[in-house]
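Just below is one structure, and these are the notes that go with it.
Numbering of ligands and ligand atoms starts at 1, following listing order. Side-chain atoms are counted along with the backbone in the values below, which use heavy atoms only and exclude waters and symmetry mates. Just so you know, these numbers come straight off a predicted model, no measurement behind them.
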Amino acid sequence: MAGKADVLLLGPTMPMIVEGIDRNFTLHKLWEAPDRDVLIAKLAPTLRAMAGGGSNQPNVDGAFMSRFPKLEFISNFGVGYDYIDAKWAGEHGIVVTNTPDVLTEEVADTSIGLLLCTVRELPQAERYVRAGKWLEKAYPYTKATLRDRTVGMVGMGRIGRAIARRLDAFGVPVVYHSRRPQEGVSYKHYPDLVAMARDVDTLMIIVPGGPSTKNLIDMKVLEALGPEGIVINMARGSVVDEPALIKALQNGTIMAAGLDVFAEEPKVPAELIAMDNVVLLPHVGSASVETRRAMGQLVIDNLLAWRDGKPPLTPVPETPYPPRKR
Ligand code: NAP
Ligand code: 8YV
């Protein structure tokens, strides 16, 4: 019987993923290698599968993947896979999988939580109680309310729709921007993001990261949103021009922001930390034990399907199955 297949794990991740790979494959941890280049040189001629996702990942671009001429499969932890050049992978016969659906409702819950926290200043009010200030006087009325707002969704995919459904139940009007109108979605579609920003006062950002969305939310969009504007970023830090956002928050171009993601995680700019009109979360959209376990299981199940010669459970659209011949 042939030995266990090698799997290169690209960065630190949940113990259940490490254990699941270790049980079924020969595991190699790239980030723990005393010399990464030595480990890569040793594995490169035969390695067929990798797993990655989370923080501290290498940039999995064409140059990186081409170091592994036998590479067939990359199992990613997370629905987002913007650190992988999936188009290049698809063109070179490599299948990439991600973890969609199992996290959709969790991330939608967190998005609504962040929206409410930002609009009604709930973390600020909680800090007020802990600081003993309520004994002196009541917390001031919040400038903003969700009651008179319209939410412009930037992205109306799996998670965007789950957020929009929740907003429907809250009685909050929803419109959206994406490159194309989404099938089966009846909210008003704006092909032009600036035009949508002009018509709404709240942006909920839930698009993939990567080159096509880099700095999509720039100063022009923020100016169009205006002084009552609130920005919620649940997508990726790269989607928002962070220096422009900081300036817009400092000078009143917009009112407030709620951010789960940042340009250089886990570093959060000191300017954002110093501001009272910003709510900051440490990328916790999907981070419950149950949801992370379901995501981790999908990482393992995709690898097992690959090992057993079965179709991948959740391939990304850029990498068709069966893969192209090389
Ligand atoms: P999805 O189902 O693929 O939906 C993506 C949506 O974004 C689609 O409506 C798509 O429509 C739109 N879009 C893609 N590229 C665009 C562009 N260049 N300009 C405008 N719209 C664009 O993905 P999902 O499952 O909803 O997840 C979305 C993203 O959320 C993930 O990729 C990830 O980055 C982020 N996320 C964050 C957390 C967190 O913890 N904060 C958790 C999970 C996911 P078109 O293709 O028609 O443009
Ligand atoms: C993940 C996410 O937890 O799925 C995604 O795209 O952003 C989060 O759910 C993250 O990618 C891994 O830490």
Quiz prompt | Residue-ligand contact Arg161/ligand 1, heavy atom below 4.0 Å | solution =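 Judged by the 4.0 Å heavy-atom criterion, Arg161 does not count as contacting ligand 1.
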
Quiz prompt | Any Pro100 heavy atom less than 4.0 Å to ligand 1 | solution =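 No, Pro100 has no heavy atom closer than 4.0 Å to ligand 1.
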
Exercise. Between Ile159, Val154, Asp101, flag the one that comes closest to atom 26 (O) of ligand 1 by a heavy atom.
Key: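 Considering heavy atoms of Ile159, Val154, Asp101, the nearest to atom 26 (O) of ligand 1 sits in Ile159.
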
Does any N or O of ligand 1 fall below 3.5 Å from an N or O anywhere on [X], backbone included?
X      : answer
Asp82  : no
Met156 : yes
Leu103 : no
His177 : no

Can you name the atoms of ligand 1, numbered from 1 with element, that are less than 4.0 Å from a heavy atom of [X]?
X      : answer
Thr213 : 16 (C), 17 (C), 18 (N)
Ser286 : 40 (O)
Ile206 : 28 (C), 30 (O)
Asp260 : 39 (C), 40 (O), 41 (N)

Quiz item: Which salt bridge (Lys or Arg N to Asp or Glu O under 4.0 Å) pairs, counting each pair once, include a residue from residues 221-239, with sequence neighbours left out?
Solution: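 Salt bridge (Lys or Arg N to Asp or Glu O under 4.0 Å) check on residues 221-239 returns Asp82-Arg236.
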
Self-check item: Under 3.5 Å side-chain donor-acceptor pair for Arg292 and Ser286
Solution: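 Side chains of Arg292 and Ser286: pair found under 3.5 Å.
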
Exercise. Answer with side chain, backbone, both or neither: which part of Ser178 has a heavy atom less than 4.0 angstrom from an atom of ligand 1?
Key: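 The answer is both.
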
Quiz item: What do we get for Arg179 next to ligand 1 when only non-hydrogen atoms under 4.0 Å count, side chain, backbone, both or neither?
Solution: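 Answer for Arg179: both.
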
Quiz prompt | ligand 2: protein residues within heavy-atom distance under 4.0 Å | solution =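 Residue list for ligand 2: Gly54, Phe77, Gly78, Val79, Gly80, Leu103, Arg236, His283, Ser286, Arg292, Met295.
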
Quiz item: Any idea how Tyr176 and Tyr187 line up, ring-wise: parallel (<30°), tilted (30 to 60°), or perpendicular (>60°)?
Solution: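 Correct class here is perpendicular.
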
Quiz item: How long is the span from the CG atom in Asp148 to the CG atom in Asp201, to the nearest 0.5 Å?
Solution: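 Rounded to the nearest 0.5 Å, the CG-CG separation comes out at 6.5 Å.
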
Exercise. Identify the protein heavy atom lying closest to atom 18 (N) of ligand 1, giving its residue, its atom name and the separation to 0.1 Å.
Key: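 Scanning the protein heavy atoms, the shortest distance from atom 18 (N) of ligand 1 goes to Ser212 OG, 3.1 Å.
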
Self-check item: Closest approach of any protein heavy atom to atom 38 (C) of ligand 1, naming residue and atom
Solution: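 Result: Met234 O, 3.7 Å.
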
